[in-house]
Peer 1: 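Take this structure, written in structure tokens, and hold onto it; I'll ask about it next.
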2 protein chains.
Amino acid sequence: MSEDAVRRPTIVEVARLAQVSHQTVSRYLRHNGGLKPETVRRVEAAIEELGYRPNLVARSMRTRRTGRLAVLLPANVAALPTRLLGAAATAAHEAGFLMEIVTVEGGPQERTDRARDLITSGQVEGVLSLSSLPGLSDRPSTPSSAACVVVGEYDEELRGIGELADGSMVGEIIEHLAGLGHRDFLHVAGPETWASARARRAVYLEVVDRLGLTSHGVVDGDWSARAGYDAIHALPATSPVTAVIAANDPTATGVVRAALERGWGVPEHLSVVGWDDAELVQYATPSLSSVAVDREGQGTDAMRRLIALVRGEEPPAPVARPLNRLMLRESTGPAQPGGVKPPGAAGGT
Amino acid sequence: MSEDAVRRPTIVEVARLAQVSHQTVSRYLRHNGGLKPETVRRVEAAIEELGYRPNLVARSMRTRRTGRLAVLLPANVAALPTRLLGAAATAAHEAGFLMEIVTVEGGPQERTDRARDLITSGQVEGVLSLSSLPGLSDRPSTPSSAACVVVGEYDEELRGIGELADGSMVGEIIEHLAGLGHRDFLHVAGPETWASARARRAVYLEVVDRLGLTSHGVVDGDWSARAGYDAIHALPATSPVTAVIAANDPTATGVVRAALERGWGVPEHLSVVGWDDAELVQYATPSLSSVAVDREGQGTDAMRRLIALVRGEEPPAPVARPLNRLMLRESTGPAQPGGVKPPGAAGGT
DNA sequence: GTGCAGATAGTGAACGTTCACTTTTCGACC
DNA sequence: GGTCGAAAAGTGAACGTTCACTATCTGCAC
């Protein structure tokens, strides 16, 4: 009542009650073996009686290991990459680590600062960042600090793989659409701070150019549906664009909505491709063509790489798996012969 | 090179370099004041020179405060409640805490175990759980353990508020639809492990009964689009249902898709209401009527309550704000006079 | 100069665990 | 019965901070 701060029992008290030394209890806790059955029994009884639970902070301090890995991501992201995070968490657990997600408000600078804090504070053994951390690599060698892996950056370094992972899909999409007769493209991109958005944008421009097609612009988006919606409404009524590649599924959904509002049929007048293959958009009408990304694979690979780094092992080669697949649904189809669209309908006169 | 485990500098080494005592450095770090400018200068220089960063684990051990709060949620959730988490994180930061998300694989039992671990291990000062933790309240008084708040449970305790927060919206929806002539309802619910799903289900049955309407079933769902899709396809062709209340927006999207596939117009033959008012479904066609939930408010309230508990203060009364709003869009409309639907079209013969 | 109070700085212990040793126990074998 | 060696258990220090005191320095009034 009055004395409300009941101290939790320590290993020493357990030892006293079990009539052994604190070290014996420690051995029991660490499953080190070499204890007589009778001793084990006494220790267990004492732990049970006192309701003892080891103080993990104290343990971490002594061992300099926390068993914790942090995933860092911007707080303002519209939807957390659930699948990637789930797979990463699983990979972490399998390796005996606890994964936690830390969100950071603010821009790249705050993110980098927070990452540096985490890395150097000894609270976690590794940091996995889902967005770039400008300036962090400038100071690579803080003594015995935690490891750090930036998801997108990795792809960028290994350009071959990076391109294959994300960029090549843009090529595949464009080639597919070109095969359907599309010549005039639009890209509603994601924020430049995301490596994946940068990669897709770059490859988009490259492939459109290479195939002799026409890009009618790259619109800066923010992963939101609104971005796609606004991008389409901003097109001139006479725009020859017949195919839109959106940065993700929400943006693509916005594109579809705006097109329908303008009286442009999807896919009759406008083919739309999203990215991520969210469950929801498979049930939209029209169902959305999208890139099924192996987010689980990405999460697993990134986490395994981080864990290898933490343990000082050689980073494992990313598993060669079919990373991405273009899922063709109702929102893509052959281009109209003349690319003609009906005059603006909804909204305007 | 060979000696690759470079020890990080400690407070003592900083003190030695600055020619002060370790306690003076500690005072500087804690911003305790009472230091001469000259001393501050020397300490700062030493910290800079050594690249010193305080070891937060050691600090936590001594102060018995970690400044960390954990949010616990099931790993298999389809989409993380981004908005709630974001707001909770903001509230935590404002109070000087760091919030982290911990996902737990497995069922209620594993979740409860993990929560107990977190609470008693001294690693965090508080735990916020988004799903129920069966059996945890059985053992309320672990000595000086961390605080724990379960989001939904709170609403359930304060039944008045709980009902108002989530349940009353079900009433409002049904009343609105009844006003449009709907008499035959279906509810595609969420998992029973979620307090909010339980509350909505209970109120749904209650209100349908009270208004003398007919419920044609409560289908167990799992928050997924597929659940809604299957529920509608499972209806007999002659089903008189004209209004569906879905547990969330993805489920509602699945409902709409299946209805359209069966040749039932939305909203001509079937009105559909979702829950959460996700940005994406506002851009679907038809755009989805949905309940705009003040997820930010929920997150803030829950986190503030947790922080109050941690600090031993009186839990703040939940802010009386307009928690929920029914957003009427294209997926709801007047009931067909006779409730007649066209015979099954797509899919079957 | 002396005394005194407030400002500033220092000292040693403590937080709860594990590490690196040392000591004791115990059974088997000569 | 003594010796040896492995198995089992114990001892004290250390991890890097902060806490609770104590000591020293200042400036000012007398």
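Not measured: the values here are computed from a predicted model. Proteins get letters first, then strands, A, B, ... in listed order; numbering begins at 1 in each.
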Peer 1: With a 4.0 Å cutoff (strictly under), does any side-chain N or O of A/Thr24 reach OP1 or OP2 of D/dG10?
Peer 2: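 Yes.
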Peer 1: Remember a base hit wins even if backbone is also touched, and classify A/Leu35 as base, sugar-phosphate or nothing at under 4.0 Å, heavy atoms.
Peer 2: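 Sugar-phosphate, backbone atoms only, no base.
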Peer 1: Does the distance from a Lys or Arg side-chain N to an Asp or Glu carboxylate O, for A/Glu110 and A/Arg114, drop under 4.0 Å?
Peer 2: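 No salt bridge links A/Glu110 with A/Arg114.
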Peer 1: In a table with atom names and distances, give each donor-acceptor pair under 3.5 Å that connects a side chain of residues 97-104 of chain B to protein atoms at least two apart or in another chain.
Peer 2:
unit_1, atom_1, unit_2, atom_2, d
B/Glu100, OE1, B/Arg68, NE, 3.2
B/Glu100, OE2, B/Arg68, NE, 3.3
B/Glu100, OE2, B/Arg68, NH2, 2.3

Peer 1: Assign B/Thr39 to base, sugar-phosphate, or nothing according to its heavy-atom contacts below 4.0 angstrom with the strands shown.
Peer 2: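 Sugar-phosphate contact only.
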Peer 1: Holding to side chain to side chain contact (heavy atoms under 4.5 Å, CB included), I want the full list of residues that pass it with A/Arg30, two or more places apart in sequence or in another chain.
Peer 2: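 A/Arg30: side chain to side chain contact (heavy atoms under 4.5 Å, CB included) contacts with A/Ser26, A/Asn32, A/Arg59.
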Peer 1: Kindly write out the residues that satisfy side-chain hydrogen bond (donor to acceptor under 3.5 Å, both in side chains) with A/Gln23, not counting sequence neighbours, or none if the list is empty.
Peer 2: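 By the side-chain hydrogen bond (donor to acceptor under 3.5 Å, both in side chains) rule, A/Gln23 matches no residue at all.
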Peer 1: Need one value for B/Val20: base, sugar-phosphate or nothing, where a base atom within 4.0 Å counts as base even if backbone is also close, heavy atoms only.
Peer 2: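 Answer is sugar-phosphate: B/Val20 comes under 4.0 Å of backbone atoms only.
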Peer 1: Apply side-chain hydrogen bond (donor to acceptor under 3.5 Å, both in side chains) to B/Thr66 and list each qualifying residue two or more places apart in sequence or on a separate chain.
Peer 2: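 B/Thr66 satisfies side-chain hydrogen bond (donor to acceptor under 3.5 Å, both in side chains) with no other residue.
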Peer 1: Looking at residues at least two apart in the chain, or sitting in another chain, which of them share a side-chain hydrogen bond (donor to acceptor under 3.5 Å, both in side chains) with A/Glu49?
Peer 2: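 Residues passing side-chain hydrogen bond (donor to acceptor under 3.5 Å, both in side chains) with A/Glu49: none at all.
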Peer 1: If we fit an axis to the first five pairs and another to the last five of the helix from C/dG1-D/dC30 to C/dC30-D/dG1, what angle do they make, to the nearest 10°?
Peer 2: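 Both end axes considered, the difference amounts to 60°.
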Peer 1: Would you kindly give the CD-to-P distance between A/Glu13 and C/dA14, to the nearest whole Å?
Peer 2: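 About 15 Å, once rounded to whole Å.
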Peer 1: Quick one: side chain to side chain contact (heavy atoms under 4.5 Å, CB included) partners of B/Leu309, sequence neighbours excluded?
Peer 2: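 Residues passing side chain to side chain contact (heavy atoms under 4.5 Å, CB included) with B/Leu309: B/Ala147, B/Val149, B/Pro315.
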Peer 1: Scan nucleotides 16-24 of chain D nucleotide by nucleotide, 5' to 3', and note B when protein non-hydrogen atoms come under 4.0 Å of the base, S if they reach only the sugar-phosphate, - if neither.
Peer 2: BBBBB----
Peer 1: Could you give the NZ-to-C1' distance, from B/Lys36 to D/dG27, as a whole number of Å?
Peer 2: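 Taking NZ of B/Lys36 and C1' of D/dG27, I get 12 Å after rounding.
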Peer 1: Nearest-Å distance, CD (A/Glu38) to C1' (D/dA7)?
Peer 2: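 Interatomic distance, CD of A/Glu38 to C1' of D/dA7: 16 Å.
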Peer 1: Tell me, please, which residues at least two apart from B/Glu192 pass side-chain hydrogen bond (donor to acceptor under 3.5 Å, both in side chains).
Peer 2: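 Not a single residue meets the side-chain hydrogen bond (donor to acceptor under 3.5 Å, both in side chains) criterion with B/Glu192.
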